[in-house]
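Below is one structure, written out as structure tokens; comments come after it.
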Amino acid sequence: MTVGYLFDFDRTLVTYEPDIPGIFRNACEAVGVEPPDDAADIIRTGYVETFCAFDESPYLGAARAARDAGLDVDPERLAEAHIEAELAATTVPDGVGDLLASLSSVGIVTNGYGPVQRRKLAETGLEPHVDAVVCADDVEAFKPDNAPFDAITAALPAGDYVMVGDSVEYDIRPAAERGYRTVYVGDGDAAEADICLSSPAHLPALPRRLDAVEPTDF
Ligand SMILES: [Mg+2]
């Protein structure tokens, strides 16, 4: 039976060094402004509100929110600097590329913004090992909705699926409800996942660990 391996992207296949506050600080530095103390909350709100409208780049929404909060910046310039800083912070743990290369059917289903997620895939060198990608803006819906899962499984036909992700709410639970085997990546509490790996650095152990978990008949 063909197995489709579905992966979340952020903090599952890639990690960030620095993480979001540091990324935004680096972006501000690149355009010559000092981020406010509550920058993380401001940009998160702008990002989410813009993304949910599926009309334009959420990075632009985040930058506009920062400007509206008093940052003296051109939002277009800050948005581009934010994307560049995020790309520069994107890190692929050792062995993850080899793992994807060893799997015959690999899909990525991510709540991230398509143009940026696809640039990350290209620039990290993971892209050649990935057979299909579905981002939130591709389907105008976010996990745990069915639409992203329907789209990735339509693009990657298989008899059985394994979902690997770092969110119980967005990755593990919806995949389990669809009858997929689930692999949680992270240090949180994910007792409902079939397998738990404590960090993306442990992903290379995935095939060996999965051998012990039989596909379930639903
Ligand atoms: Mg994630």
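All ligand and atom numbering here is 1-based and tracks the order in the structure. The structure displayed is predicted, hence computed values, not measured ones.
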Looking only at N, O or S atoms in D8, which is nearest to the Mg ion (ligand 1)? OD2
Can you tell me if, anywhere in D10, an N/O/S atom lies at a distance from the Mg ion (ligand 1) that is smaller than 2.8 Å? yes
Considering all heavy atoms, the nearest P35-L71 contact: CA-CD1, 4.3 Å
Ion pair check, D150 and R178, cut-off under 4.0 Å: yes
Validation row, ring centre F149 to ring centre Y161 under 6.0 Å: no
Please state whether the rings of Y59 and Y113 are parallel, tilted or perpendicular, taking 30° and 60° as the class boundaries. tilted
Atom name, D166 (N, O or S, nearest to the Mg ion (ligand 1)): OD1
